[in-house]
*Asks:* 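After the structure tokens below, expect a handful of questions from me.
For reference, positions follow the sequence shown, starting with 1.
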Amino acid sequence: MDTGASHSAKFLARWACGLALLLLPARLGSAEVIREVGAVEIRSPGAHAGQHPVFSPAQLESRLRSFVGHPCEPQRIAESIARIYRFLGYVPSIEASCSDGRLSLSVRESNQTIELIAFDESELSVLGIGRDSDYQEARGLYPVTRKALRPALRGLLQTTEGDLYNSERYRNESDLLRRFGYAIAVIPGASRSPEELPRSAYLVESLMPGGGSVDGSRRKSNYIGGTASYGPRIGASFGVRYEKDSLFLPLDRLSIAPAYNAAAGGELSYLA
């Protein structure tokens with residue numbers, strides 16, 4: 001047998017095999033290899049006019065470039081992108097797809113918008129939704145009366161009407177309101193159109209049967225008292241303290257505390 005011919009045949013066979021691999025479609029197993037990044041779509045970011053997305057298409061495209069040259073695994077890619085949203089507390093819906101080596105992404109940054117912040121269930125009709133009559137008893141939540149300090153409660157919320165729902169922000173708001181005896185129920189609604197996010201409401205309710213009412217006639221709004229002290233070097237000191245609550249705004253306080261010893265002095269403060 002001609003050894004030289006045998007080596008030549010083996011070399012030609014290997015060369016032909018390598019050429020065939022180069023000419024095969026850009027696939028690894030059943031997964032298509034990503035050659036470039038295609039369209040990045042962010043769907044309906046929110047209700048506010050001019051509201052910017054959490055991540056811009058350019059930012060997402062930059063992250064997607066790290067997948068170029070690798071097999072297209074849509075589920076793994078979508079989970080990788082969803083992770084950066086969940087780190088910020090958002091609840092995204094993400095779809096990745098490949099076609100002819102081009103990776104495309106469609107992102108919905110949250111699963112709903114907070115369209116309404118309400119204290120009365122009757123306000124939920126704006127979103128075309130209602131609640132089961134047994135819901136209050138089942139959850140131990142009660143309506144917030146009109147005597148409660150609703151503007152102050154609203155001021156404690158980080159979320160404003162039209163914002164995307166954020167689970168981390170909701171937990172912080174709920175923990176804060178519970179310290180004052182209130183809770184937030186997220187009431188889901190419907191979308192205006194299939195292209196838009198579902199609209200939901202923050203319904204602020206009381207953890208107490210009284211509804212968190214504040215009876216102004218029973219709240220002491222004026223306080224006056226005296227102070228006295230003595231020190232070896234400063235001698236005796238006398239003073240008075242006067243406080244007035246709700247002078248201009250709910251929960252504000254004016255304090256006047258003049259003091260007298262060798263020289264007159266005092267303190268004047270206003271908190272709102």
*Asks:* Which atom pair, heavy atoms only, marks the closest approach of S99 to E32?
*Replies:*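 Shortest heavy-atom contact: C-OE2, 3.9 Å.
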*Asks:* How close do S206 and P143 get, counting heavy atoms only, and between which atoms?
*Replies:*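 Distance-wise, the nearest heavy atoms are CB-O, 4.2 Å.
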*Asks:* Whether the side chain of E115 engages the backbone of R199 through a donor-acceptor N/O pair (distance < 3.5 Å, no angle test) should be reported.
*Replies:*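 A pair under 3.5 Å: no.
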*Asks:* Which heavy atom of V54 sits nearest to which heavy atom of E109, and what is that distance?
*Replies:*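 So the minimum-distance heavy-atom pair works out to N-OE2, 2.8 Å.
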*Asks:* So, taking the atom named OH in Y90 and the one named OG in S110, what distance separates them when rounded to the nearest 0.5 Å?
*Replies:*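 The distance works out to 8.0 Å.
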*Asks:* Do I34 and H70 have side chains that approach each other closer than 4.5 Å (heavy atoms only, starting at C-beta)?
*Replies:*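 Not in contact.
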*Asks:* Is the number of heavy atoms from other residues, nucleotides or ligands within 6.0 Å of CZ (R169) greater than 12?
*Replies:*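 Counting neighbours around CZ of R169, more than 12 heavy atoms of other residues, nucleotides or ligands fall under 6.0 Å, so yes.
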*Asks:* To the nearest 0.5 Å, how far apart are OG1 in T160 and CD1 in I114?
*Replies:*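 It is 10.0 Å, given to the nearest 0.5 Å.
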*Asks:* In Å, rounded to the nearest 0.5 Å, how long is the span from CG of D120 to CG of L203?
*Replies:*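 That separation rounds to 8.5 Å.
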*Asks:* Any side-chain heavy atom of L153 within less than 4.5 Å of one from F119?
*Replies:*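 When only atoms from C-beta onward are counted, F119 and L153 do touch, with a gap below 4.5 Å.
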*Asks:* Does a side-chain N-to-carboxylate-O contact under 4.0 Å join E79 and R86?
*Replies:*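 Looking at R86 together with E79, the answer is yes, because their closest N to O distance falls below 4.0 Å.
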*Asks:* When you compare the side chain of V68 with that of L103, does any pair of heavy atoms fall below 4.5 Å?
*Replies:*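 Sidechains of V68 and L103: no contact.
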*Asks:* Measure the CZ-CD1 distance between R63 and I77 for me, rounded to the nearest 0.5 Å.
*Replies:*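 These two atoms lie 14.0 Å from each other.
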*Asks:* I need the minimum non-hydrogen distance between V186 and Q112, along with the two atoms involved.
*Replies:*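 What the structure gives for the nearest pair is CG1-OE1, 4.1 Å.
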*Asks:* When you look at Y85 and V107, which way does the side-chain contact (heavy atoms from CB on, under 4.5 Å) test go after all the steps?
*Replies:* CA-CA 10 Å; Y85 284 95; V107 177; 3.6 Å; yes
*Asks:* Carefully, step by step, assess L177 and L156 under the rule side-chain contact (heavy atoms from CB on, under 4.5 Å).
*Replies:* CA-CA 8 Å; L177 260 64; L156 294 175; 3.9 Å; yes
*Asks:* Go through it in stages, so that I can follow the logic: the residues are L197 and Y165, the test is side-chain contact (heavy atoms from CB on, under 4.5 Å), and I'd like the CA-CA distance, side-chain angles, deciding distance and then a yes or no.
*Replies:* CA-CA 10 Å; L197 291 177; Y165 173 74; over 6 Å; no
*Asks:* Just by modelled atom types, is the V144 backbone N or O under 3.5 Å from a matching donor or acceptor in the R150 side chain?
*Replies:*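 Side chain of R150 to backbone of V144, a donor-acceptor pair under 3.5 Å: yes, one is there.
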*Asks:* Would you give the length of the straight line joining atom OG of S104 to atom CD of E36, rounded to the nearest 0.5 angstrom?
*Replies:*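 These two atoms lie 9.0 Å from each other.
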*Asks:* Do L60 and I84 touch side chain to side chain, with heavy atoms closer than 4.5 Å?
*Replies:*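 Sidechains of I84 and L60: in contact.
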*Asks:* Does P74 reach the side chain of S97, with side-chain heavy atoms less than 4.5 Å apart?
*Replies:*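 They are not in side-chain contact.
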*Asks:* Find out whether E168 and L88 are in side-chain contact, i.e. whether some heavy atom of one side chain is under 4.5 Å from a heavy atom of the other.
*Replies:*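 Heavy-atom side-chain distance check fails, nothing below 4.5 Å.
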*Asks:* If you look at every heavy atom in A183 and R178, which pair is closest and at what distance?
*Replies:*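 Residues A183 and R178, closest heavy atoms: CB-NH2, 4.0 Å.
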*Asks:* Is the backbone N or O of Q59 less than 3.5 Å from a side-chain atom of S62, with the two atoms forming a donor-acceptor pair by type?
*Replies:*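 Between the backbone of Q59 and the side chain of S62 there is no qualifying donor-acceptor contact (under 3.5 Å).
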*Asks:* Could you tell me if the side chain of E205 sits less than 4.5 Å from the side chain of E121, heavy atoms only?
*Replies:*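 A side-chain contact under 4.5 Å exists here.
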*Asks:* Would you check, one step at a time, whether the test side-chain contact (heavy atoms from CB on, under 4.5 Å) holds for S93 with R43?
*Replies:* CA-CA 10 Å; S93 172; R43 292 175 287 166; 4.2 Å; yes
*Asks:* Taking atom CD1 of I94 and atom CD1 of I42, what is their separation to the nearest 0.5 Å?
*Replies:*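 Interatomic distance, I94 CD1 to I42 CD1, rounded to 0.5 Å: 10.0 Å.
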*Asks:* How close do L105 and A96 get, heavy atom to heavy atom, and via which atoms?
*Replies:*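 So the two residues come closest at CD1-CB, 3.8 Å.
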*Asks:* Salt bridge check, R35 against D100: does any charged N sit closer than 4.0 Å to a carboxylate O?
*Replies:*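 Not counted as a salt bridge, because no side-chain N and carboxylate O are separated by less than 4.0 Å.
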*Asks:* Got N166 and Q158 here, is their nearest side-chain heavy-atom distance under 4.5 Å?
*Replies:*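 Side-chain contact under 4.5 Å: no.
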*Asks:* With a 3.5 Å distance limit and no angle check, can you tell me whether E161 reaches the backbone of L116 through a side-chain donor-acceptor pair?
*Replies:*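 Pair absent, no side-chain N/O of E161 close to backbone of L116.
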